[in-house]
Protein chains: 2
Amino acid sequence: MSRYEASGYWYGEGQSAPEAVDLLNLMRRYRDAERKMRAQTRGSMGMNETDMTALRFLLREHRKGEVPRQRDFAEELGISNASVSALIDRLCRDGYAERIMHPADRRSVGIVPTRYSDTEVRETLQQMHERMMSAVDGLSADERRAAAKFLHALIASVEWNEHDLGQSAQRDHELRDVPGSKLASS
Amino acid sequence: MSRYEASGYWYGEGQSAPEAVDLLNLMRRYRDAERKMRAQTRGSMGMNETDMTALRFLLREHRKGEVPRQRDFAEELGISNASVSALIDRLCRDGYAERIMHPADRRSVGIVPTRYSDTEVRETLQQMHERMMSAVDGLSADERRAAAKFLHALIASVEWNEHDLGQSAQRDHELRDVPGSKLASS
DNA sequence: CCTAATAGTTAGACAGTCTACATATATTCT
DNA sequence: AGAATATATGTAGACTGTCTAACTATTAGG
């Protein structure tokens, strides 16, 4: 209990539907749950966020039959080439990946996952993925349509920002006046 | 275009509904869009992830009439007291927060946001939040119900892990032997 | 009072990132 | 072919955010 859902608690068929704010709260709950879960996985594997993301990218590419190069990681992760060098060092040191010569370009280094890393990740993330899949499969066609519409609406709302803002921010850092409070000591 | 939706592209009423995998892909798209957007906001304010999360927590508490202490930040963010000290130093240095004496406990420091920080954040994140609200408001009651059901299902799938794993994770950090593979070069 | 618990700070170490520079290979133009 | 330029990666040194451990100040219990 103590779930804090603002208005509608059940949504059970004939009941009152959830408000927009309830849905956004649910999204936040989902995001937090996922973040927590990923943090746990990372923790148990002794990895940081970036390295974990890199490893998942590597496994994804590998399954597609691609052999990514370091520059691909830099682009995917949004970090510098130098940082990728260090990152791949760590993945290799800990036995998750290996450097091979790239077949087509001798300047490049091909990155491949070890069998170890595949099973390691599969045992954690993929189980959850399968549970999510079967859970969502239990929805009706109409419900899936509605969920997709919902998500499309949210994505559009978020992506709208990227074109709009991005310039006005770093202004007047001096004139900060503090709110009237100052309710110190007592 | 080039949206990659796997099977159903329209979901337009009588059309074929999205598969479970499509919905999970949409969730990923949403997550990536949100992450990107937050990264941009952080960047434009010159802050890192943790500091931004802390500032949003601070504003949330302040609006509720609470005056959080440093230990509250440590708990919320999952970092040590020492790191919170440094974090609050940064927030104060950059004019987003101020330390005040806590009314009830002279050991504690109360943290309050400056008016500056409120407007700064409001101008960025809150606009998006309002757009999301109105977008979701455009859905029908049935659609909102379905979206809620969808999210509940996902949350359950993710949180299931926390009870299941979590103990069998932090074990054997020593004996991890690297795969037999070693399938290096070509 | 004395002891233990709690809130915060400081110091020192470490990890992951960056920029700038260095090296090796590829590509293109005469 | 030879030179100039572009690409892919590696290395060095600095910076930031985190941690643990030790320290001060305050509170709570006996």
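Numbered from 1 within each chain, the chains take letters A, B, ... in sequence-line order. Worth knowing before you read on, the calculation uses all heavy atoms, side chains too, and leaves out hydrogens, waters and symmetry mates.
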Results of side chain to side chain donor-acceptor pair (under 3.5 Å) for B:R35 - residues two or more places apart only: B:D32
Partner set under side chain to side chain donor-acceptor pair (under 3.5 Å) for A:T119, not counting sequence neighbours: none
Contacts of type side chain to side chain donor-acceptor pair (under 3.5 Å), residue A:S134, not counting sequence neighbours: none
Strictly under 3.5 Å: I want the nitrogen or oxygen pairs between protein and nucleotides 13-16 of chain D, one per line.
none

Pair B:R31 + B:E34, salt bridge at N-O below 4.0 Å: no
Taken to the nearest whole Å, CZ/A:R99 to C1'/D:dT9 is 9 Å
Results of side-chain contact (heavy atoms from CB on, under 4.5 Å) for B:S80 - residues two or more places apart only: B:A82, B:S83
Atom CZ of A:R69 to atom P of D:dG10: distance rounded to whole Å? 13 Å
Could you tell me which residues satisfy salt bridge (charged side-chain N to carboxylate O under 4.0 Å, His left out) with A:E120, sequence neighbours excluded, listed by chain and number? none
Near DNA chain C, counting only heavy atoms under 4.0 Å, which residues of residues 70-85 of chain A show up? A:I79, A:S80, A:A82, A:S83
Could you write out each protein N or O paired with an N or O of nucleotides 27-30 of chain D at a distance under 3.5 Å?
residue : atom : partner : partner atom : Å
D:dT27  : OP1  : B:R106  : N            : 3.1
D:dT27  : OP2  : B:R106  : NH2          : 3.1

Name all pairs fulfilling the salt bridge (Lys or Arg N to Asp or Glu O under 4.0 Å) condition that reach into residues 49-60 of chain A, sequence neighbours left out, sorted by first residue then second. A:R42-A:E49, A:D51-A:R90, A:R60-A:E76
Residues which pass ring-ring contact (aromatic ring centres under 6.0 Å, His included) with B:F73, listed by chain and number, not counting sequence neighbours: B:F57
Nearest-angstrom distance from the residue atom CE of A:M101 to C1' of D:dA8: 15 Å
Let me know, please, whether A:L87 or B:D89 comes out on the 5' side of the other along DNA chain C by nearest nucleotide. B:D89
Taking only Lys NZ, Arg NE, NH1 and NH2, and the carboxylate oxygens of Asp or Glu, determine whether B:R63 and B:D118 approach each other closer than 4.0 Å. yes
With sequence neighbours excluded, what pairs up with A:R107 under the side chain to side chain donor-acceptor pair (under 3.5 Å) test? A:D105
A:D89 meets the salt bridge (charged side-chain N to carboxylate O under 4.0 Å, His left out) criterion, sequence neighbours left out, with A:R99
Nearest whole angstrom, please: distance from the C1' of D:dG17 to the CE of B:M47. 13 Å
Between P on D:dT9 and NE2 on A:H102, what's the gap in Å once rounded to a whole number? 8 Å
